[in-house]
Amino acid sequence: MSNRTTVTEFLLLGFSGVRELQILHFVVFLVIYLAALMANLLIITVVALEHRLHTPMYFFLMNLSILDLSSISVTIPKSMANSIMNTRSISYPGCVTQVFLFVVFIAADLALLTIMAYDRYVAICQPLHYERVMNQRACVQMAASAWITGIVYSALHTGNTFRLPFCQSNVINQFFCEIPQLLKLACSDSYLSEVGLLAFSVFLSFNCFVFIIVSYVQIFKTVLRIPSEQGRHRAFSTCLPHLTVVSLFLSTGFFAYLKPASSSASDLDLMMGVLYSLLPPVMNPIIYSMRNKEIKAALKKLIV
């Protein structure tokens with residue numbers, strides 16, 4: 001293919017060419033998707049309906065569930081449809097849309113996790129200033145800034161990626177459209193600007209990671225100075241779920257994007273794609289509900 005205009009569709013990486021395994025893939029992904037859908041919708045519903053959960057921490061958690069639900073809805077349904085229809089194709093506009101939406105939700109996710117770390121820092125290290133700093137207006141502005149950051153960041157990356165001429169192939173070595181895999185299809189040297197942008201993105205992500213770590217160092221120092229064991233336990237119980245979610249999100253994301261690139265399809269590429277795109281949306285609501293007594297009590301009240 002000599003230039004971008006000749007590309008009308010891309011071929012995604014299939015999990016198997018065997019029909020029985022394609023059906024198995026459809027069933028497994030359907031179960032994962034329904035589990036993520038139900039878990040995140042429960043969190044959203046509980047936080048929206050339970051008055052006691054109308055606090056900054058749970059407001060941000062509800063936004064996180066919306067982002068997780070949205071991100072998994074961008075990748076799984078198309079993969080399931082391809083498996084059941086025994087095809088690998090995705091249209092050019094469909095690929096653009098998938099890249100744009102997935103990057104919006106992932107970037108906003110990271111921004112929101114950073115904001116949630118700041119919320120925990122203020123709540124534990126500066127409790128007397130918490131209501132003033134984390135007032136309703138400030139929380140709405142912070143959440144809106146996370147969404148706007150994701151949209152602007154994604155528009156920049158998506159536009160920069162799809163302006164490139166694709167002359168290598170139209171086969172994407174992943175089960176969804178992904179920028180690093182698309183760059184492998186670009187003509188020689190034409191993708192360097194996007195590689196530079198990706199490197200800058202890694203730098204920004206690392207800064208978010210450092211901010212979160214520094215926040216938690218200060219939090220743990222403060223918590224360890226709390227005289228009562230019950231007070232320490234309560235403080236840790238509000239922080240550990242968030243720290244676990246951040247670790248899961250960043251570890252899978254960094255490994256997926258920083259591992260050595262290969263020109264051919266590999267099981268590792270596919271596995272890492274599954275881990276960083278599917279695992280956080282499924283596990284986040286479970287992690288928060290398991291470690292949080294208020295969420296568990298509200299869920300029990302809603303169900304019973």
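Values below: every heavy atom of this structure, side chains too, minus hydrogens, waters and symmetry copies.
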Checklist entry - Between His54 and Tyr58, does the ring centre distance come in under 6.0 Å? => result no
Which pair of heavy atoms, one from [X] and one from [Y], lies closest together, and at what distance?
{"X": "Ala36", "Y": "Leu69", "answer": "O-CD1, 4.3 Å"}
{"X": "Ala117", "Y": "Ile212", "answer": "CB-CG1, 3.9 Å"}
{"X": "Gly273", "Y": "Phe176", "answer": "O-CE2, 4.1 Å"}
{"X": "Asp68", "Y": "Pro281", "answer": "O-CB, 3.5 Å"}
{"X": "Leu164", "Y": "Asn160", "answer": "CG-O, 3.5 Å"}
{"X": "Asp119", "Y": "Tyr130", "answer": "OD1-OH, 2.6 Å"}

Quick one: does [X]'s side chain get under 4.5 Å of [Y]'s, heavy atoms only?
{"X": "Leu110", "Y": "Tyr153", "answer": "no"}
{"X": "Ile172", "Y": "Leu13", "answer": "no"}
{"X": "Phe206", "Y": "Val210", "answer": "yes"}
{"X": "His25", "Y": "Leu21", "answer": "no"}
{"X": "Tyr121", "Y": "Gln218", "answer": "yes"}
{"X": "Ile295", "Y": "Leu53", "answer": "yes"}
{"X": "Val104", "Y": "Thr158", "answer": "no"}
{"X": "Val171", "Y": "Arg88", "answer": "yes"}

Is [Y] reachable from [X] through a run of hydrophobic residues whose side-chain heavy atoms are each under 4.5 Å from the next?
{"X": "Met38", "Y": "Ile66", "result": "yes"}
{"X": "Leu278", "Y": "Leu41", "result": "yes"}
{"X": "Val217", "Y": "Val122", "result": "yes"}
{"X": "Ile179", "Y": "Val152", "result": "no"}
{"X": "Leu243", "Y": "Ile286", "result": "yes"}

I need the [X] [atom1] to [Y] [atom2] distance, nearest 0.5 Å.
{"X": "Leu67", "Y": "Ile106", "atom1": "CG", "atom2": "CD1", "answer": "9.0 Å"}
{"X": "Leu224", "Y": "Ile219", "atom1": "CG", "atom2": "CD1", "answer": "11.5 Å"}
{"X": "Ile76", "Y": "Phe29", "atom1": "CD1", "atom2": "CZ", "answer": "5.5 Å"}
{"X": "Phe100", "Y": "Phe105", "atom1": "CZ", "atom2": "CZ", "answer": "8.5 Å"}
{"X": "Leu204", "Y": "Thr149", "atom1": "CG", "atom2": "OG1", "answer": "10.0 Å"}
{"X": "Thr75", "Y": "Leu101", "atom1": "OG1", "atom2": "CG", "answer": "11.0 Å"}

Checklist entry - Checking Glu50 side chain against Ala298 main chain: does a donor-acceptor pair fall under 3.5 Å? => result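 Flag not set: sc Glu50 to bb Ala298 has no pair under 3.5 Å.
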Checklist entry - Do any N or O atoms from the side chain of Asn40 and from the backbone of Leu37 form a donor-acceptor pair under 3.5 angstrom? => result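 Judged by distance alone, no pair lies under 3.5 Å.
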Next on the checklist: Before you tell me yes or no, could you show the steps for Phe59 and Asn63 under side chain to side chain contact (heavy atoms under 4.5 Å, CB included), namely the whole-Å CA-CA distance, both residues' side-chain angles and the distance that decides it to 0.1 Å?
Outcome noted: CA-CA 6 Å; Phe59 171 71; Asn63 275 269; 3.6 Å; yes
Checklist entry - Relative to the ring of Tyr118, is the ring of Phe211 parallel (under 30°), tilted (30 to 60°) or perpendicular (over 60°)? => result tilted
Checklist entry - Under 6.0 Å from the CZ atom of Arg52, do we count more than 12 heavy atoms belonging to anything else shown? => result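 Atom CZ in Arg52 is not packed in, count stays at 12 or less.
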Next on the checklist: Run Leu182 and Phe10 through side chain to side chain contact (heavy atoms under 4.5 Å, CB included) and show every step you take.
Outcome noted: CA-CA 10 Å; Leu182 285 164; Phe10 293 96; 3.9 Å; yes
Return a table of donor-acceptor pairs under 3.5 angstrom between the side chains of residues 136-145 and protein atoms on other chains or two or more places apart.
| unit_1 | atom_1 | unit_2 | atom_2 | d |
| --- | --- | --- | --- | --- |
| Ser145 | OG | Gln141 | O | 3.4 |
| Ser145 | OG | Met142 | O | 2.5 |

Item to check | Verdict with supporting geometry, Glu20 and Leu24, side chain to side chain contact (heavy atoms under 4.5 Å, CB included) | outcome: CA-CA 6 Å; Glu20 289 77 10; Leu24 177 62; over 6 Å; no
Next on the checklist: Let's go through His157 and Ser201 carefully: what are the C-alpha distance in whole Å and the side-chain angles of both, what is the deciding distance for side chain to side chain contact (heavy atoms under 4.5 Å, CB included) to 0.1 Å, and is it a yes or a no?
Outcome noted: CA-CA 10 Å; His157 271 296; Ser201 302; 2.8 Å; yes
Checklist entry - Under the criterion side-chain contact (heavy atoms from CB on, under 4.5 Å), which of Ile90, Leu11, Thr8 is the partner of Asn170? => result Leu11
